[in-house]
Asks: 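What follows is a structure written as structure tokens; I'll ask about it next.
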Amino acid sequence: MRIENEIKLDYKDVLIRPKRSTLKSRKEVDLNRTYKFRNSKQNWTGIPIMAANMDGVGTFDMALALGDLDLFTCLAKQYSWMDWGTDLNPHTSRKRIAISIGTNQNQYNTAKKIIDEFALKWICIDIANGYSEHFADFVKQVRSDYPNHNIIAGNVVTADMTQELILAGADVVKVGIGPGSVCTTRIQTGVGYPQLSAVIECADAAHGLGGHIIADGGCTCPGDVAKAFGAGADFVMLGGMLAGHVEGGGQESILDGQHVRMFYGMSSDTAMNKHSGGVADYRSSEGRTVFVPDRGKVRDTVLDILGGLRSTCTYVGAPTLKQLSKCTTFVRCTQQFNGVFVK
Ligand code: 5GP
């Protein structure tokens, strides 16, 4: 047994220090980024915020709505060839969507047909524990099958594994184990890594090799999204912050007189019952099922997040999102905000 004594931080443990700025208005801030990916050699431009590949978030309607705002969607894994055929809106930009797969060969064979048929450009290889030995081998296989596609792989939380996945062929490594809003991994297993520190350390490791990272999970408010970018994230992935909208299609009901939508972790009982015919005896659920107040269309939520992010940039003097991390100094704090009127 060993203990690492260096303190690791979450978003809530820091604030961003304001700095002298010549920007007059948040209108002047450009949130678009252009990346050249290390392995696919492709260029990409857009606002680097992603909807998570979860039921209720990573849907075709969400992809269309977010694509119109230049944001990105990782579609949920469970969509079949038929679903892609009927539900993918022809106006959805292929630059702004990824198909999600696990490491199951049958699933991959189906995914290959979808990738070819619908001319997809992004593949998100997503497993809960990116530390399994076979994972990097699987990433290598997908890279050799698709030399020019953009490949996302995760999830991991440390520099060593970030580098291994990039060297195996991933362009973008997804970072986060346990921080999610409907995740119970830390409770069920005791495993995890404070998300801000994970992002800082993995971004540093990836950038050293010319790779990129996604800060996945743990953002509770626009300020957390800004902190993730400030910490060096190239993309930020959101589940809970984009849940509860019309486009997610979560099951609706009335709870205590309030219009709510169901939202659940992809390792929850609800997800396993829906997609895998129940929770296998050898495993336990690592996700929660919650009811989120209905939030209407996602556009207003996105504009609120982008407005917050532009404001962060003006507070620290960053004319573009690209410059945000260079302009960021975090200060450690004991209280993120004044919660006196917050339930
Ligand atoms: P959020 O933005 O809601 O805080 O986090 C979203 C992320 O939580 C997802 O992108 C995914 O990585 C993670 N996640 C989704 N469902 C589950 C689950 O059932 N269990 C765990 N451990 N993580 C989940």
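Quick caveat: nothing in here was measured; it's all calculated off a predicted structure. We number each residue from 1, following the sequence as shown. In each ligand, atom 1 is the first atom listed, and ligand 1 is the first ligand listed.
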Asks: Please check atom 12 (O) of ligand 1 for a protein heavy-atom neighbour under 4.0 Å.
Replies: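 Yes.
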Asks: Can a side-chain donor-acceptor contact be found between K174 and N155 if the only test is distance below 3.5 angstrom?
Replies: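 Looking only at side-chain atoms, K174 and N155 do form a donor-acceptor pair, the distance falling under 3.5 Å.
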Asks: Using heavy-atom distances, let me know which of M266, R288, K174, E286 sits nearest atom 16 (N) of ligand 1.
Replies: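 The option holding the nearest heavy atom is M266.
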Asks: Pairing donors with acceptors under 3.5 angstrom, does anything connect the side chains of Q107 and Q78?
Replies: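 No, no side-chain donor-acceptor pair sits under 3.5 Å.
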Asks: I'd like to know if G218 contacts ligand 1, where contact means a heavy-atom distance under 4.0 Å to any ligand atom.
Replies: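 Yes.
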Asks: How does D216 reach ligand 1, if at all, at less than 4.0 Å between non-hydrogen atoms: by side chain, backbone, both, or neither?
Replies: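 The answer is the side chain.
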Asks: May I ask you to list the atoms of ligand 1 that are less than 4.0 angstrom from any heavy atom of G287?
Replies: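 In order of number, 19 (O).
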Asks: Please work out which of D224, T185, T184, V225 has its closest non-hydrogen atom nearest to atom 22 (N) of ligand 1.
Replies: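 Considering heavy atoms of D224, T185, T184, V225, the nearest to atom 22 (N) of ligand 1 sits in T185.
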Asks: With no hydrogens and no angle check, do the side chains of Y193 and E201 hold a donor and an acceptor under 3.5 Å apart?
Replies: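 Side-chain D/A pair, Y193 to E201: present.
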Asks: Quick one: which ligand 1 atoms are inside 4.0 Å of a heavy atom on A52?
Replies: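 Per the distance check, 10 (O).
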Asks: Does the gap between the ring centers of F235 and H212 come in under 6.0 Å?
Replies: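 So the answer is no for these two rings.
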Asks: Take every heavy atom of G176, measure it against each atom of ligand 1, and state whether any distance is under 4.0 Å.
Replies: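 No, that is not the case, since the closest heavy atom of the residue is not under 4.0 Å from the ligand.
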Asks: Does a donor on one side chain sit under 3.5 Å from an acceptor on the other, for H149 and D171?
Replies: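 No.
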Asks: Quiz question: by atom type and distance under 3.5 Å, do the side chains of N32 and T45 form a donor-acceptor pair?
Replies: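 Note: N32 and T45 side chains miss the donor-acceptor criterion.
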Asks: May I ask you to identify the nearest protein heavy atom to atom 24 (C) of ligand 1, giving residue, atom name and distance to one decimal place in Å?
Replies: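 Minimum-distance protein heavy atom for atom 24 (C) of ligand 1 reads C183 CB, 4.1 Å.
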Asks: For K297, does the NZ atom sit with more than 12 other heavy atoms under 6.0 Å from it, leaving out its own atoms?
Replies: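 Atom NZ in K297 is not crowded, with 12 or fewer foreign heavy atoms closer than 6.0 Å.
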Asks: Need the ligand 1 atom indices (1-based, order shown) with element for anything under 4.0 Å from a heavy-atom of M237.
Replies: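 Those qualifying, in numeric order: 10 (O).
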Asks: Apply salt bridge (Lys or Arg N to Asp or Glu O under 4.0 Å) to the pair D145 and K112, showing each step before the final yes or no.
Replies: CA-CA 9 Å; D145 292 344; K112 279 178 172 170; 3.6 Å; yes
Asks: For residues T301 and D304, is any side-chain donor paired with an opposing acceptor at under 3.5 Å?
Replies: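 Short answer, no.
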Asks: Nearest protein heavy atom to atom 5 (O) of ligand 1, by residue and atom, and its distance?
Replies: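 Ranking protein heavy atoms by distance from atom 5 (O) of ligand 1, first comes G217 CA, 3.2 Å.
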Asks: Among all protein heavy atoms, pick the one closest to atom 14 (N) of ligand 1 and tell me residue, atom and distance.
Replies: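 Checking every protein heavy atom, the shortest distance to atom 14 (N) of ligand 1 gives M54 CE, 4.5 Å.
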Asks: For N43 and Y35, does a side-chain donor sit closer than 3.5 Å to a side-chain acceptor?
Replies: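 The answer is no; no qualifying pair exists.
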Asks: Which atoms of ligand 1 have any heavy atom of G240 under 4.0 Å away?
Replies: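 Atoms satisfying the 4.0 Å criterion: 1 (P), 2 (O), 3 (O).
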Asks: Can you list the atoms of ligand 1 that are under 4.0 Å from a heavy atom of S267?
Replies: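 So the answer, numbered in order with elements, is 18 (C), 19 (O), 20 (N).
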Asks: For a quick check under 3.5 Å, do S284 and Q188 share a side-chain donor-acceptor pair by atom type?
Replies: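 A pair is found: one side chain offers a donor N or O, the other an acceptor, under 3.5 Å apart.
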Asks: Would one find an N or O of L238, backbone or side chain, under 3.5 Å from an N or O of ligand 1?
Replies: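 Not met; the criterion fails.
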Asks: Judged by modelled atom types alone, do Q323 and T320 share a side-chain donor-acceptor pair under 3.5 Å?
Replies: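 Present: a donor and an acceptor within the cut-off.
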Asks: I'd like to know if the side chain of D160 pairs up with that of T158 as donor and acceptor (distance under 3.5 Å, no hydrogens or angles considered).
Replies: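 Indeed, the side chains of D160 and T158 share at least one donor-acceptor pair under 3.5 Å.
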Asks: Between T220 and ligand 1, which residue portion shows a heavy-atom distance shorter than 4.0 Å: side chain, backbone, both, or neither?
Replies: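 Neither; nothing of T220 gets under 4.0 Å from ligand 1.
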Asks: Specify the protein heavy atom at minimum distance from atom 8 (O) of ligand 1: its residue, its atom name, and the distance to 0.1 Å.
Replies: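 Heavy-atom neighbour on the protein nearest atom 8 (O) of ligand 1: G180 CA, 3.8 Å.
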Asks: Any atoms of ligand 1 less than 4.0 Å from a non-hydrogen atom of S268? List them with their elements.
Replies: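 This gives 19 (O) as the contact atoms.
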Asks: Using a 4.0 Å cutoff against the non-hydrogen atoms of N155, which atoms of ligand 1 qualify?
Replies: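 The list of qualifying atoms is 12 (O).
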Asks: Among all protein heavy atoms in this structure, tell me which lies nearest to atom 2 (O) of ligand 1, with the distance rounded to 0.1 Å.
Replies: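 That would be G239 N, 2.7 Å.
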Asks: Counting non-hydrogen protein atoms only, what is the nearest one to atom 3 (O) of ligand 1? Give residue, atom name and distance.
Replies: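 The answer is S181 OG, 2.5 Å.
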